[in-house]
Amino acid sequence: MVREWDPRTASSAEIASLLDTLNAVLAADLPQDPPWRESSMREYLAEVMPGERRISWVAQAEQAADGSPGAILGHVHVLLLGDIGVLEVLVHPSERRTGLGRDLVLTAARRVYQEGFQSIGVEVVGDTPAVAFYESLGFSKEYVETRSVLDLSGVDWAELSEMATGISAGYHLEFHPGGPPDELIEAYARAKAEVRDVEDGELRPSSYDPQRLRDSLDCLHRRGMKPYIVLALHEQTGEVAGLTEVVVPAQHPTRADQYDTIVVQDHRGYGIDRAIKARMLMELRSAEAELTEVQTWNAQANEAMLKVNAELGYRPDREWCEYSIDVAELVHRLDAGR
């Protein structure tokens, strides 16, 4: 049974059942990734940015003989933002090849179409069954990144400390757990607006407007995801010359997520990119006792940042792809196959 589902009002048992399915999917498809925890899981599923909406459905097994609710075997949600609906689908490995995944996609696609959106997108992890699944539905690959993972147990911390200080005169670094101070928000937003060293795809937009940036940071905190920021400040002007962002989610606190890393065009060539990322790792070592890994995503053409990551000890893991399709075409295709 597929039904619309609201994580804000769902029972604790349903949240736990959904988490079990998520971890079963990870164990099957990404066995090196850490399992997720229930910490702030409800908030992670429910909280969104102002102006965005997330609609969710679950596929639930029949009620057990003792009257207890059936397990959640599948889940789909669509995030409606801008002019696209962004899809995320989970199907328990035991339920694959039963048509459940197609039913979940069709349910979400019909709503996206009814809401007046033209296209639907999805992130697809390379070397997993999701690649063949979405391609069979007619999705086209639009963008490819490489995910790389840094194992902190293998880091040469003395060498990393030298990297963190390897920045030209006229700049200094600042560490801001929780986000940049409000007096730097506008300069921070200007740096993000000018250029990104991490070429995010359309499905993970960055925040360039100061108020949207504040909203984004607030949303992260509400979802149980703690941001850490390292800034490179140009001493003569006080401008943000470079920044790097890492988020440690309560749901998997042993592996942090790298977000944007930016060096403003006029300040390139002064060792900022490597220094800010090295300083971040030094700070995380002290701030997050459980942390053992950091994962980052980079466009394959971004050779400069891939080189910096390699120097820091990151190792390429797998492709991370963005696929999209016209919503009307998807609905027609799925309806025709029923």
Side-chain angles (χ1 to χ4, degrees), residues 1-23 25-26 36-60 72-92 100-101 103-125 130 134 139 200-207 209 211-227 247 249-252 257 259 320 322-325 327 330-331:
M1 175 184 69
V2 177
R3 61 179 176 87
E4 195 164 335
W5 183 77
D6 188 345
R8 293 169 295 184
T9 58
S11 68
S12 296
E14 288 177 342
I15 297 292
S17 182
L18 175 58
L19 181 63
D20 287 344
T21 289
L22 168 61
N23 282 327
V25 170
L26 286 175
W36 283 39
R37 303 179 184 178
E38 199 164 342
S39 301
S40 298
M41 192 67 186
R42 184 187 303 275
E43 293 77 10
Y44 177 85
L45 294 167
E47 294 291 341
V48 296
M49 287 278 288
E52 298 177 359
R53 287 181 295 144
R54 181 182 285 116
I55 308 171
S56 300
W57 297 262
V58 294
Q60 196 164 10
I72 291 178
L73 303 175
H75 172 254
V76 59
H77 71 241
V78 62
L79 181 64
L80 301 174
L81 70 164
D83 60 356
I84 191 171
V86 182
L87 192 67
E88 186 170 329
V89 180
L90 289 174
V91 175
H92 195 284
L100 177 57
D103 289 344
L104 290 169
V105 171
L106 177 58
T107 299
R110 282 174 172 164
R111 177 64 66 86
V112 173
Y113 181 74
Q114 291 165 4
E115 295 276 351
F117 287 75
Q118 299 298 310
S119 62
I120 194 165
V122 63
E123 286 192 338
V124 180
V125 183
Y134 286 107
F139 281 78
D200 283 336
E202 294 298 318
L203 306 191
R204 288 184 281 115
S206 191
S207 299
D209 173 78
Q211 186 53 51
R212 183 170 174 81
L213 184 54
R214 292 185 183 95
D215 292 340
S216 178
L217 291 165
D218 288 344
C219 184
L220 284 173
H221 284 289
R222 293 196 307 271
R223 299 183 82 198
M225 305 167 76
K226 186 173 183 180
V247 171
Q251 298 81 17
H252 53 90
D257 299 326
Y259 279 30
W320 219 264
E322 293 181 4
Y323 281 72
S324 67
I325 191 172
V327 177
L330 178 61
V331 172

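These values consider heavy atoms only, across backbone and side chains, with no hydrogens, waters or symmetry-generated copies.
The shortest distance between side-chain heavy atoms of Val76 and Leu87 falls below 4.5 Å. A heavy-atom distance below 4.5 Å is not found between the side chains of Val327 and Gln118. In this structure the side chain of Leu79 reaches within 4.5 angstrom of the side chain of Val48, judged on heavy atoms. For the pair Leu22/Leu18, no side-chain contact is recorded, criterion being any heavy-atom separation below 4.5 Å from C-beta on. With contacts defined as side-chain heavy-atom distances shorter than 4.5 Å, the pair Glu115/Leu80 qualifies.
Here the shortest heavy-atom pairing between Pro7 and Ser56 reads CD-OG, 4.4 Å. Considering all non-hydrogen atoms of both residues, Trp57 and Val78 come closest at CZ3-CG1, 3.9 Å. Here the closest non-hydrogen pair linking Arg223 and Tyr44 is NH2-O, 2.7 Å. Ile15 and Ala10 get closest at one heavy-atom pair: CD1-CB, 4.3 Å. His75 approaches His77 most closely through the heavy-atom pair CE1-ND1, 3.3 Å. For Leu100 against Ala59, the heavy-atom pair with the smallest separation is CD1-CB, 3.5 Å.
Listed by chain and number, the residues in a ring pair (Phe, Tyr, Trp, His ring centres under 6.0 Å) with His252 are Trp36 (sequence neighbours excluded). Under the rule for a side chain to side chain contact (heavy atoms under 4.5 Å, CB included), the partners of Val247 that lie at least two apart in sequence or sit in another chain are Leu220, Met225, Pro227, Tyr259. Listed by chain and residue number, nothing satisfies the side-chain hydrogen bond (donor to acceptor under 3.5 Å, both in side chains) test with Gln251 (two or more places apart in sequence, or in another chain). The salt bridge (Lys or Arg N to Asp or Glu O under 4.0 Å) search around Asp6 returns Arg8, not counting sequence neighbours.
For residues 38-48, every residue pair satisfying the salt bridge (Lys or Arg N to Asp or Glu O under 4.0 Å) rule, not counting sequence neighbours, is listed here: Glu47-Arg222.
To the nearest 0.5 Å, atom CE of residue Met49 and atom CG of residue Asp215 are 5.0 Å apart. Between the CG atom of Leu19 and the OG atom of Ser39 there is a distance of 9.5 Å, given to the nearest 0.5 Å. Considering OG of Ser324 and CG of Leu330, their distance stands at 11.0 Å, rounded to 0.5 Å. Separation of atoms OG1 (Thr21) and NE2 (His92) is listed at 5.0 Å; rounding is to 0.5 Å.
Between the side chain of Arg54 and the backbone N or O of Leu45, at least one donor-acceptor pair lies under 3.5 Å.
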Donor-acceptor pairs are to be reported for all side-chain atoms of residues 106-113 against protein atoms at under 3.5 Å, with residues two or more places apart or in another chain.
from   : atom 1 : to     : atom 2 : distance (Å)
Thr107 : OG1    : Asp103 : O      : 2.8
Arg110 : NH2    : Asp335 : OD1    : 2.5
Arg111 : NH2    : Glu4   : OE1    : 2.7

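Under the 3.5 Å distance criterion, with hydrogens and angles disregarded, no donor-acceptor pair is assigned to the side chains of Trp5 and Gln60.
Not less than 6.0 angstrom separates the ring centroid of Tyr323 from the ring centroid of Phe139.
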